[in-house]
Amino acid sequence: YGAKQRGCGTHVYGIESGGRALRDLKVSSGFRMALDRGEIDVVFQPIIDLESGRVAAVEALTRWSHPELGVIRPDEFIAAAEQNGMVTDLTRHVLHASLQWQRLWAAAGIDLQVAVNISARSLVDDQLADMVCSALSRHRVPANRLTLELTESSVVSDPSITIATLRRLRALGVRLAVDDFGTGYSSLAYLRELPVDEVKIDKSFVIPLVEELHTPPLLSGIINLCREMGFELVGEGIENATVQRKLTDMGCSRGQGFHIARPMDGADLLDWQARWRDDRHLSIVL
Ligand code: C2E
Ligand code: MG
Ligand code: MG
Ligand code: MG
């Protein structure tokens, strides 16, 4: 029985390691078809003003509903899309879906900022600014309703090209955010050189706050300097009320995380927003 079980275990392990390679292959070779087949979805996660609780924005996050593998997270397929030269198509798809929803929400009375993630590869693509411009005019969304999130490392990789692209985008009136701040190599001084409006503090700084007895000096340094430089600040990865309160007390103006809301369908956002508003109203009355 023991031997059989061991054998069985080995066998399962064999399938799993083969499965991993096969899965990687399916992900990298299937992405092009996935876009054409409409398997790439976009979900939205609310970002709130921590002081007032008001919903300020949503971040668009992509998901692949694979017919066989189930839901695949972006961390698993963005790299494949970049390698296959498909990332501009992905960006276009997410941008259109986001602006389409922005219009629908606005028509229902909720005028939200929508943030779209831009991969490092798109940032050196000189089509990006034209693509953004035509998407905005096609959906008739004002440029200042769109935020583009750029990771710190992508901006640092080729500063001269990317800064030119960033200036063009900003000239359109689009808001720019540095995403995952604190994980790359850029210094706070370097931020000053960038034409950006917003800084998103990476969740790796936020999540450990739950256990900290004292204010971590690095995090409060980031928050204070960003405020002095006039950046809007978003803390990401707020998983519980303790962390939300600590970030608020430290002067972080906006927040995003599972404690506030998980990413959801564009259609569910209106219901969520109504409930969120009513719950807050109720807690003020009580
Ligand atoms: P990101 O831009 O930093 O997005 C935030 C990620 O944190 C999302 O993961 C979100 O679901 C997750 N998150 C939000 N709140 C919490 C929380 O309280 N706790 C924890 N542990 N996680 C939280 P997701 O959706 O898996 O996306 C991962 C990354 O993939 C994104 O990180 C972004 O860099 C990239 N990505 C997502 N959508 C796109 C896209 O359309 N285009 C590009 N180029 N990249 C994308
Ligand atoms: Mg982001
Ligand atoms: Mg981020
Ligand atoms: Mg991140």
Side-chain angles (χ1 to χ4, degrees), residues 27 31 34-35 39-48 50 57-65 70-101 113-125 128 131-132 135 146-155 157 162 175-184 196-210 222 232-244 246-247 252 254-266:
V27 168
F31 188 74
L35 259 178
E39 291 168 12
I40 307 297
D41 300 323
V42 183
V43 289
F44 301 93
Q45 187 178 31
I47 298 171
I48 62 163
L50 288 172
V58 291
E59 177 175 9
L61 297 160
T62 185
R63 301 282 180 266
W64 179 355
S65 302
V71 176
I72 306 177
R73 303 286 294 270
D75 285 330
E76 206 179 329
F77 65 82
I78 299 291
E82 289 194 333
Q83 278 153 23
N84 297 347
M86 295 289 297
V87 82
T88 301
D89 297 281
L90 173 69
T91 304
R92 186 181 298 109
H93 175 71
V94 176
L95 199 56
H96 280 292
S98 301
L99 295 178
Q100 204 165 8
W101 276 113
Q113 189 87 29
V114 63
V116 171
N117 290 283
I118 301 294
S119 99
R121 278 291 273 278
S122 292
L123 213 52
V124 292
D125 183 341
L128 180 68
M131 187 170 98
V132 168
L146 176 68
T147 301
L148 300 179
E149 297 190 1
L150 327 147
T151 57
E152 200 189 344
S153 50
S154 70
V155 180
S157 71
T162 49
R175 283 174 60 92
L176 300 177
V178 175
D179 204 353
D180 300 344
F181 186 77
T183 57
V196 298
D197 307 280
E198 183 177 303
V199 172
K200 297 189 80 174
I201 303 170
D202 193 67
K203 53 179 173 284
S204 61
F205 291 94
V206 175
I207 291 170
L209 272 181
V210 69
I222 291 174
E232 181 74 66
L233 264 171
V234 181
E236 59 176 34
I238 297 177
E239 293 184 349
N240 56 56
T242 308
V243 169
Q244 181 167 337
K246 284 184 182 174
L247 264 186
C252 182
R254 290 182 175 180
Q256 171 181 8
F258 297 161
H259 178 65
I260 298 155
R262 296 215 167 231
M264 64 188 95
D265 268 10

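Just so you know, residue 1 is the first one in the sequence shown, and it goes up from there. One-based numbering, in listed order, for ligands and for the atoms of each. Atoms considered below: every heavy atom in the structure, side chains included; atoms not considered: hydrogens, waters and symmetry mates. All of these numbers come straight from a predicted model, not from anything done at the bench.
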Mark up the atoms of ligand 1 that fall under 4.0 Å of a heavy atom belonging to [X], in ascending order.
X      : result
Arg73  : 9 (O), 11 (O), 24 (P), 26 (O)
Asp75  : 28 (C), 29 (C), 30 (O)
Asp180 : 3 (O)
Glu236 : 3 (O)

Checklist entry - Phe44 vs Trp101 aromatic rings, parallel, tilted or perpendicular, using cut-offs 30° and 60°? => result perpendicular
Next on the checklist: Can you list everything that forms a salt bridge (Lys or Arg N to Asp or Glu O under 4.0 Å) with Glu239? Sequence neighbours excluded, please.
Outcome noted: none
Next on the checklist: In the structure I gave you, are the side-chain heavy atoms of Val42 and Ser98 within less than 4.5 Å of one another anywhere?
Outcome noted: yes
Item to check | Any side-chain heavy-atom pair of Gln244 and Val206 under 4.5 Å | outcome: no
Next on the checklist: With side-chain hydrogen bond (donor to acceptor under 3.5 Å, both in side chains) as the criterion, how do Thr147 and Glu198 come out once you've worked through the C-alpha distance, each side chain's angles and the decisive distance to 0.1 Å?
Outcome noted: CA-CA 9 Å; Thr147 301; Glu198 183 177 303; 4.7 Å; no
Checklist entry - Got an N, O or S from Asn117 under 2.8 Å of the Mg ion (ligand 2)? => result yes
Next on the checklist: Side chain or backbone, does Gln256 bring an N or O within less than 3.5 Å of an N or O on ligand 1?
Outcome noted: no
Next on the checklist: Would His259 count as a polar contact of ligand 1, with the cut-off being nitrogen or oxygen pairs under 3.5 Å?
Outcome noted: no
Checklist outcome for this item: Checking distances from the Mg ion (ligand 2), one finds that the N, O or S atom of Glu59 closest to it is OE2
Checklist outcome for this item: Among N, O or S atoms, Asp180 approaches the Mg ion (ligand 3) most closely through OD1
Next on the checklist: Between Gln45 and Val58, does the side chain to side chain contact (heavy atoms under 4.5 Å, CB included) criterion hold? Intermediate values first, please.
Outcome noted: CA-CA 5 Å; Gln45 187 178 31; Val58 291; over 6 Å; no
Checklist entry - Rounded to 10 degrees, what angle sits at the Mg ion (ligand 3) between Asp179 OD1 and Glu236 OE2? => result 130°
